[in-house]
Each structure stands twice: as structure tokens, then as C-alpha cells.
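Please read the structure below before turning to the comments.
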Amino acid sequence: MIYIDSTERLLLRELIEDDYKDLFALNNDPEVLQYTGDEPFSTLQDAQKFLANYPDYDDHGFGRWAVIRKEDQAFLGWCGLKYNEENQVDLGFRFFKKHWGNGYATEAAKCALELGFEVHNLTEIIGRSAKENAASIRVLEKIGMTFERSGTCDGIEDAIYYVARTSHEPEN
């Protein structure tokens with residue numbers, strides 16, 4: 001397994017094909033998907049196929065990463081960066097609801113944001129959320145992202161965009 005980084009309580013690692021049962025369960029909870037615009041996987045095999053063909057690590061050097069709790073190696077959800085349909089680097093996160101309210105999303109998102117700026121030399125990272133998703137908006141604000149604009153994004157009609165920028169120039 002390829003571990004990307006760690007925080008006080010968490011490990012971030014590449015998603016692997018063996019994560020398919022966790023990913024299937026995560027994406028089949030209507031409350032977890034409520035504000036995402038995503039559809040659940042139809043079958044376990046669809047989740048496995050998604051992971052087997054996940055291109056982001058090879059294509060960009062980053063992607064959505066599994067979030068693992070250090071103390072018991074539990075798969076809590078995912079967090080990470082990806083190029084979205086607008087060709088912007090998007091910070092996203094999704095956790096099992098039994099882990100909501102424990103600060104895991106904030107801890108993982110802060111780590112992912114730092115990786116984007118410090119390791120991948122990005123100068124701008126956005127975060128998008130449905131206006132009604134107060135918990136996700138709080139995470140984006142806690143990690144220092146600021147409101148940029150309202151709009152529509154991939155499956156979300158009433159989205160708001162947050163942004164974080166760094167002043168360093170990207171390496172070529």
C-alpha cells in the first residue's frame with residue numbers, strides 16, 4: 001500500500017482495489033450522498049471496477065485517498081484532490097456517518113490541502129459544496145478556504161465554491 005501522509009490520528013493512502021466493500025457501503029448510504037450529486041454503485045463489482053480503473057494517481061500524482069484511523073486501521077472514508085470537470089483541482093471528502101462530528105474530515109482535508117500546495121506545487125485548490133451542506137462548509141472554512149462564488153457544478157444545482165491559494169510559483 002502506498003501511504004501518502006499522516007496526521008495525529010489518521011493515515012492517508014492510495015485507494016486500492018481491496019477497498020471496494022468499504023467504498024460500496026460508503027456510496028450506498030443516502031445520507032452520505034445527500035449533497036453530492038453522485039449515484040450509488042449498483043453492485044460490489046461496480047465499486048471494484050471503479051477502483052481497478054482509477055486513473056488519478058497515474059495521471060496527476062494525486063487523487064482521492066483512503067482515510068484510515070491509526071489506532072485500529074479502520075477505513076473512515078476518503079479525502080483528497082482531483083481535477084474536476086472544470087479543470088480545477090478540487091478538494092473533496094466523504095466519511096461514513098458514524099464518524100461524522102469527530103473532526104476527521106477537517107484533519108484529513110487540512111492534510112490534503114497542504115499536500116496540494118507543498119508536494120504538488122499547486123497554487124489554487126477549490127472546494128465545492130451544496131449550500132445546504134453546513135457541515136462540509138464548516139470544514140472548508142476551518143481549513144482556511146474562503147467563499148469564492150455560487151454556481152452549479154457536477155450534479156449540484158445550488159453549489160458554492162470555496163478557494164485556497166498559495167503565493168508560491170509552481171515548479172516546471
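Both backbone and side-chain heavy atoms feed into the values below; hydrogens, waters and symmetry mates do not.
The aromatic rings of H60 and Y83 are tilted relative to each other, their planes meeting at an angle between 30° and 60°.
Here the CZ-OG1 distance, from R138 to T106, works out to 9.0 Å after rounding to the nearest 0.5 Å. Put simply, CG on D56 and CH2 on W65 are 10.5 Å apart, with the number rounded to the nearest 0.5 Å. Taken from CD1 in I143 to NZ in K110, the straight-line distance is 9.0 Å, to the nearest 0.5 Å. Atoms CG and CD, from N102 and E107 in turn, are 10.5 Å apart once rounded to the nearest 0.5 Å. Note: F41 CZ to N27 CG = 5.0 Å, rounded to the nearest 0.5 Å. For the atom pair CD (E141) and CZ (F147), the distance works out to 10.0 Å, reported to the nearest 0.5 Å.
Residues V89 and L81 come closest through the heavy atom pair CG1-CB, 3.9 Å. Nearest heavy atom pair, residue K70 against residue L10, reads CE-O, 3.5 Å. Heavy-atom minimum distance, C79 versus L91: SG-CD1, 4.2 Å. The shortest non-hydrogen separation linking I137 to S129 is CG1-OG, 3.8 Å. Residue L113 comes nearest to A164 through the heavy atom pair CD1-CB, 4.0 Å, listed as atom of the first residue, atom of the second, then distance. Closest non-hydrogen pair, Y57 versus L15, comes out as OH-N, 2.7 Å.
Ion pairing of E148 with R165 is present here, as a side-chain N (NZ or NE/NH1/NH2) and a carboxylate O approach within less than 4.0 Å. Under the 4.0 Å criterion applied to side-chain N and carboxylate O atoms, K82 and D59 are not assigned as salt-bridge partners. By the 4.0 Å N-to-carboxylate-O rule, D90 lies close enough to R128 to be salt-bridged with it.
For CD of E85, the number of neighbouring non-hydrogen atoms (other residues, nucleotides, ligands) closer than 6.0 Å is greater than 12. For E39, the CD atom counts as loosely surrounded, since its 6.0 Å shell holds 12 or fewer non-hydrogen atoms of other residues, nucleotides or ligands.
Side-chain atoms of T152 come within 3.5 Å of backbone atoms of E157 as a donor-acceptor pair (strictly under, hydrogens ignored). Looking at D58, its side chain never comes within 3.5 Å of a backbone N or O of P55 through a donor-acceptor pair.
Linking ILVMFWY residues whenever their side-chain heavy atoms come closer than 4.5 Å, directly or via other members, leaves V163 and L115 in distinct clusters. No continuous path of ILVMFWY side-chain contacts below 4.5 Å connects F24 to L33, so the two sit in separate hydrophobic clusters. Following chains of ILVMFWY side-chain contacts shorter than 4.5 Å, one can reach V119 starting from I125, so the two form part of one hydrophobic cluster. Both I68 and F95 belong to a single network of hydrophobic side chains, linked directly or stepwise wherever heavy atoms of I, L, V, M, F, W or Y lie under 4.5 Å apart. Criterion: ILVMFWY side-chain heavy atoms under 4.5 Å apart, direct or through other members. Under it, V67 and F50 are part of a common hydrophobic cluster.
Taking the side chain as every heavy atom from C-beta outward, L51 and L23 approach each other to under 4.5 Å. C111 places a side-chain heavy atom less than 4.5 Å from the side chain of L12. Considering only heavy atoms from C-beta on, R94 stays 4.5 Å or farther from R64 through its side chain. F96 is listed as a side-chain neighbour of F75, based on a closest heavy-atom distance under 4.5 Å. In this structure, I126 and N84 have side chains that are in contact, with non-hydrogen atoms separated by less than 4.5 Å.
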Derivation and outcome, side-chain contact (heavy atoms from CB on, under 4.5 Å), residues I156 and T36: CA-CA 7 Å; I156 304 171; T36 68; 5.6 Å; no

V32/W100 under side-chain contact (heavy atoms from CB on, under 4.5 Å): CA gap, chis, key distance, verdict: CA-CA 10 Å; V32 171; W100 293 357; 3.9 Å; yes

